[in-house]
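Structure, as structure tokens:
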Amino acid sequence: MVENFCNSTFWNSSFLERPEADLPLCFEQTVLVWIPLGFLWLLAPWQLLHVYKSRTKRSPITKFYLAKQVLVGFLLILAAIELALVLTEDSGEATIPPVRYTNPILYLCTWLLVLLIQDSRQWCIQKNSWFLSLFWILSILCGTFQFQTLIRALLQDSNSNLAYSCLFIISYGFQILILILYTFSEKSDSSNNPSSTASFLSSITFSWYDSIVLKGYKQPLTLEDVWDIDEGLKVKTVENRFEIFMAKELQKARRAFQKRQQKKSQRNSGATLHDLNKNQSQSQDVLVLEETKKKKKKKSGPTEDFPKSWLIKTLFKTFWIMLLKSFFLKLVHDIFMFLNPQLLKLLISFVSDRDMYAWTGYVYAILLFAVSLIQSLCLQSYFQLCFIVGMSVRTTVIASVYKKALTLSNLARKKYSIGETVNLMSVDAQKLMDVFNYLHLLWSTFLQIVLSIFFLWSELGPSVLAGVGVMVLLIPLNGFLATKNRSIQFQNMKNKDRRLKIMNEILSGIKILKYFAWEPSFKDQVNNLRKKELKNLLFFGQLQSIMILILQVTPVLVSVITFAVYVLVDSNNILDAEKAFTSITLFNILRFPLGMLPMVISSVLQASVSVGRLEKYLGGDDLDTSAIRHVRNFDKAVQFSEASFTWDPDTETTIQDVNLDIMEGQLVAVVGTVGSGKSSLMSAMLGEMENVHGHITIKGTTAYVPQQSWIQNGTIKDNILFGSEFNEKKYKQVLEACALLPDLEILPGGDLAEIGEKGINLSGGQKQRISLARATYQNADIYILDDPLSAVDAHVGNHIFEKVLGPSGLLNGKTRLLVTHSIHFLPQVDQIVVVGNGTILEKGSYSDLLAKKGVFAKNLKTFVKYSGPEGEVTVNDDSEEENDDSGLIAGVEELPEEAASLTMKRENSLRRTLSRSSRSSGRNQKTLKNSLKTRNGSALKGKEGVVQGQKLIKKEFMETGKVKFSVYLKYLQAVGWCSIFCIIFVFLLNSAAFIGSNFWLSSWTGDSQAFNGTNYPTSQRDMRIGVYAALGIAQGISMFIGTFLSVYGCNNAAKILHEQLLNNILRAPMSFFDTTPTGRIVNRFTGDISTVDDTLPQSLRSWIVCFLSIISIIVMICIATPIFVVIVIPLGIIYVSIQAFYVATSRQLRRLDSVTRSPIYSHFSETVLGLPVIRAFEHQKRFKKQNEAGIDTNQKCVFSWITSNRWLAIRLELTGNLIIFFSALLLVIYKDTLNGDTVGLVLSNALNITQTLNWLVRMTSETETNIVAVERIDEYINVENEAPWVTDKRPPADWPNKGEIRFSNYQVRYRPELNLVLKGITCDIKSTEKVGVVGRTGAGKSSLTNCLFRILESAGGQITIDGIDIASIGLHDLRGKLTIIPQDPILFSGSLRMNLDPFNKYSDEEIWKALELAHLKPFVVGLPLGLSHEVTEAGDNLSL
């Protein structure tokens, strides 16, 4: 039928059985024309529908668009001309076949359709359709056959159908031009990201990324150079999609959880009834025992239940489209992977069979290249999709955890420390990301194993079972080692946590350690833990070596056993090149899934733990604010109606049955003893507590000043504005009213001075005033002020009350609830509420409560009695203020920035303040006002330029460009040169054994031509098997020894680097800790040390093995086919240049990723600390937006890094594929001089090279990325040290025996760039004198004491104690002989005894004596464990 359609032969195999093979013209004009056209017509409707649904604004007409339309227009004209020619030729006789009519008509319709599709793409962001690109590729490939047939026909007979041939050739040329146009990408106005506008060919080869790689090679990349990610990948889009599914799935999980709870309670109630009937009367002792048992059970018993199994479902539903696409790509890749061994087999048979035509060999070589190319393209697109899904999963988790933190109830929040929540964002999110990257391997490994065994069976029959059996037997051994490894890792994580806990404490209390010269004691603690950690690490490394031995020996053992069984089972079985090398290739394929499967399963198990943790957190209860009713129309500002609230439903209610009305505009003071529930009352109003019953009605917005001020890392101005618009007049008023102008004058940079983490460089009073200024600047209706005056000096307190809080203050007319201990302000408030035990004891005005003679009046009397005879209660009474000073002012540490530039005016102001007892308080306040006025102008002027010292936290140093060679040397030196020499030598032996075993196998397969089954000598056969096995085992053992040696060497390096780092950090001066955030130092001890411990040794080892493996393969190919050297050289150059381009870009992107990741966690920690404030001001949305911006910045670096890996991989695989292609081509060209076993040897190794090449570059980049950790550790190893702890000049043993101190013109400054803090102090302090040092905040009181301990070194002058200049002796000799009670009471975790005597110098009696003197003996005696009482981190389980 088809033959009638063409009037010629459709198919005849004889066309192929000749040296000049060709396809019949009829076949070319029908089947090869219909394939591309069918593809286009089948997919066109779907494509047009997709364009219609996702259309955006139509793009303007471009030259590109016109060029494509014009070229397709030409094709249309050519098809019309061909049809016209056919019609004119038709003379009515049946000579012209129907195909000549149908093809032009088909083409006419097709080109019209193409014009329509190309026009419709103008509505899309991506102008070049992937499916049109595929159509042009198919059309050109199918047209190639007809093209060469027509050229041949013309060469033989120049008149044969000349017009038709010319039309076809011109049309073919146009199609190639169109395809070239389709390789270019068209820019779009609506997207800045080239990935979204890239053409299909540019997308699959990642060519759109070229410009970044080029830029990264020329100069180090910055954040601005990295493109933003697509809208579809941004946090907002992904999170919104996730939340839709999460709501449904979480609801289902909660219902299932409730059902479980009901069943449990039914079971429990049944059991309880049974117990009661069994024994009605139980003695008290038994009940107590039961209680303790229950408690024990609680600790070790069943895990807590919560809504489960919803997170993975939600993630799958959110990302199912990408997962489906990646599934198809992986499937295609896996199937194509098994075509390589089959093509290898065909090539070996082609070389072995001298009669086969040359064109067959060329077709096989081209097919081998094509299959490898398709495999590479599919694999890289699959990886790109998987990594993007992984990245999006991580983003979703981080954003969801952040969002949850903003709404999580206080009860649920108590279960998580900030560190644990940050762990959810960093560690658990990362684990999920890793699993999603390799998720498809769960099914792909099984598919690959099944297909490998199937093809091996077809080669070697049942003998394969012997080899597979070995593999299966080794799985449990691998499993056992993996489990053992996990338990060691788990143990090591615990050791790491302990070490980090101590490091955190050391860094938080570094000042205390320096004061008391305790560094050696804590250094020993850290080193002891580090020893345990390194011991575990060594054991872990040894197990890893055994695992590597097994992984190395497995394929060798399997091939030895399989081949041995194959030749031993039957004497007719001869191992020829086809069988041996096809099997070796299949075994190599099989090696990957068997190696990966245990890894994938273990990472899935690890991720399942993370999923559980995340489900528990994200499924936790939200803050229930239903009891807080916000209304617009109401006659009162705040109303408590029978309100009872608690912090924990399991404990007693904290606020009980409160009824309270607060009118608009009132100033209400809330007073009561410590722990009476004042702050809880405020928290209840803010909705921070659990409601028991009743409700609170609030009219309007709230602003909140917490008792412990919360300050963000940023400028003072940012902290005060807190997201509001800047109004200069209002801003100045607030600064003046909150008494901040004198502070701004002292601080470098004024209100643009940077505040460190948690306000580290501000005193308590300054933090409190900034916190108050933030609330005052916001235009709220109700101000909740929780003891804002507790940390400020008394006269500043008076100023603030008058200017801000009082009847004539800035907040006059607003509703203010003021928790206070300052009694002298009470006569000026509208209403006083007295709180006790969570209830309201009294309320009323000041005079009413005095007249009542109730609780308030009694407490007042007591206070007056203690404050002395003239302490009657009147406002601004000095003695009252002094009492207030002593009882209420918190210890305030002066830090460098406050003391930066003290002027004479400042000292005069101090003298005025000191002499205030001789003046009336009214005048004193006046001087404060005046001083404020005089400073008003200067504090806010000239803040544009950055002042010296204004920036406190130094920007984290980030290296750019190549890692210096000295860093590698530093690491290698730590490993030890002898070890390195031995390691490399052993790995070289491994390579030699590898080359030997390959050549031995090649010569073994050559036996098949010399002997047949009947006369194959047994001795020859046994020798072949024996030597092959010996060489295989030699490979395994040398690899094992090399790994073992490297484990020891790297362990030693880790030990040395940590020791050097710890020693140097403990010897760093105090100024280093002031200007470096703790997190940054901790990061060196966590991330960087962890990299040196685990990651760096592995990547270095892999690099050496890969490098030697590639050299071995190239050596083998060159020995077998020397001509190959000609091809290796240019390919090597291409390879090295790709590598150079990539590593520069990748390295910088990794650095950018690290630098942009830290702010996400810092911002989160800051948010959690300030949650009550953020919720009170209702700024959750703003903070969420900030978090999203931070994540998106980090995401663009991660996305860029992922793409750079794909860009590299696709180019390397292309290089690898060219090696395969040229190897095959050379084998075809030099067929006559080669035999089958050489072909097998060359090609089976060439097929292996692609993956190894890819891996080598990955490892080069990994090693360079990881060596950055050594670079960062080295930076801190070289930090400048303070003076030596002990010098040659030692003071006498009984020094100081008198205690005479002399300051001689003593000067000091905090940091070289700052002004003097102490300006020429001269004074003598006699033996046994008691001296009081007084002065305003920032006057230099603490600085003076710091100088005695040489925490600050002198800038001039000297201090002598008992005649010895303190600068001339060692720091520990000095500090060990002095003692101090520091402002900040810092305790370390460990026993109480350890905190009192870290070196175990004193007896228990001496310690009890010291406790008695400190009035602590009764408290310690009352503790169950006495001196062994465990103190928690920072002494949290003891009161201040």
Side-chain angles (χ1 to χ4, degrees), residues 330-350 352 364 367-368 371 375 441-476 478 550-551 553-598 997-998 1001-1002 1004-1005 1007-1008 1012-1013 1016 1021 1024-1025 1028-1029 1032 1236-1237 1239-1241 1243-1245 1247-1248 1251:
K330 183 73 175 138
L331 191 64
V332 172
H333 167 264
D334 284 2
I335 291 165
F336 269 68
M337 195 160 64
F338 287 94
L339 290 177
N340 280 338
Q342 304 311 313
L343 287 165
L344 170 68
K345 188 176 165 183
L346 291 170
L347 261 166
I348 294 173
S349 66
F350 163 76
S352 306
Y364 290 157
L367 276 177
L368 199 59
V371 166
Q375 227 178 299
L441 289 181
L442 281 172
W443 60 266
S444 167
T445 42
F446 287 110
L447 176 73
Q448 288 180 26
I449 290 168
V450 169
L451 286 175
S452 299
I453 293 171
F454 169 76
F455 284 113
L456 278 166
W457 186 285
S458 64
E459 288 302 321
L460 303 169
S463 319
V464 142
L465 295 177
V468 172
V470 173
M471 285 186 174
V472 173
L473 284 174
L474 288 171
I475 287 175
N478 268 335
I550 292 170
L551 267 178
V553 171
T554 305
V556 180
L557 262 183
V558 167
S559 49
V560 167
I561 290 172
T562 310
F563 293 153
V565 169
Y566 179 69
V567 294
L568 293 171
V569 161
D570 185 348
S571 58
N572 294 326
N573 284 349
I574 292 244
L575 196 64
D576 58 12
E578 269 183 51
K579 285 194 185 310
F581 289 107
T582 308
S583 304
I584 289 277
T585 310
L586 284 165
F587 279 131
N588 279 338
I589 291 176
L590 188 51
R591 197 167 153 184
F592 175 74
L594 282 172
M596 283 305 286
L597 194 58
S997 73
N998 268 288
L1001 183 65
S1002 176
W1004 182 3
T1005 55
D1007 290 353
S1008 64
N1012 58 34
Y1016 191 41
R1021 182 190 68 193
R1024 290 292 191 200
I1025 294 174
Y1028 185 63
D1237 33 276
V1239 175
L1241 174 76
L1243 277 185
S1244 63
N1245 280 302
L1247 284 171
N1248 214 5
Q1251 234 173 358

Tell me, with the steps shown, if L331 and L447 meet side-chain contact (heavy atoms from CB on, under 4.5 Å). CA-CA 9 Å; L331 191 64; L447 176 73; 4.0 Å; yes

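- For the side chain to side chain donor-acceptor pair (under 3.5 Å) test, no residue two or more places apart in sequence or in another chain qualifies with W457.
- Contact between V565 and A466 at its shortest, heavy atoms only, is CG2-CB, 3.8 Å.
- Here the CG atom belonging to L590 is positioned 11.5 Å from the OG atom belonging to S583, to the nearest 0.5 angstrom.
- Note on ring orientation: taking the six-membered ring where Trp is involved, the planes of F338 and F455 are parallel (angle under 30°, cut-offs 30° and 60°).
- Closest approach of P341 and L586 over heavy atoms only: CG-CD2, 3.8 Å.
- For the residue pair S452 and Q448, no side-chain donor N or O sits within less than 3.5 Å of a side-chain acceptor on the partner.
- Here I589 contributes atom CD1 and I449 contributes atom CD1; the two are 12.5 Å apart, rounded to the nearest 0.5 Å.
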After noting the C-alpha distance and the side-chain angles of L451 and D334, does the key distance pass the side-chain contact (heavy atoms from CB on, under 4.5 Å) rule? CA-CA 9 Å; L451 286 175; D334 284 2; 5.6 Å; no

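- Here the CG-CZ distance, from L456 to F587, works out to 5.0 Å after rounding to the nearest 0.5 Å.
- To the nearest 0.5 Å, atom CD of residue Q342 and atom OG1 of residue T585 are 10.0 Å apart.
- Within the model, atoms NZ of K345 and OG1 of T582 stand 6.0 Å from one another, a figure rounded to the nearest 0.5 Å.
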Under the criterion side-chain contact (heavy atoms from CB on, under 4.5 Å), I'd like the reasoning laid out for L1001 against Y1028: C-alpha separation, chi angles, the key distance, then a yes or no. CA-CA 7 Å; L1001 183 65; Y1028 185 63; 4.0 Å; yes

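- S458 OG to I453 CD1: the interatomic distance, rounded to the nearest 0.5 Å, is 12.0 Å.
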Please walk me through it: do Q375 and N340 pass side-chain contact (heavy atoms from CB on, under 4.5 Å)? CA-CA 10 Å; Q375 227 178 299; N340 280 338; 3.1 Å; yes

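- In this structure K579 satisfies the salt bridge (charged side-chain N to carboxylate O under 4.0 Å, His left out) test with no other residue, sequence neighbours excluded.
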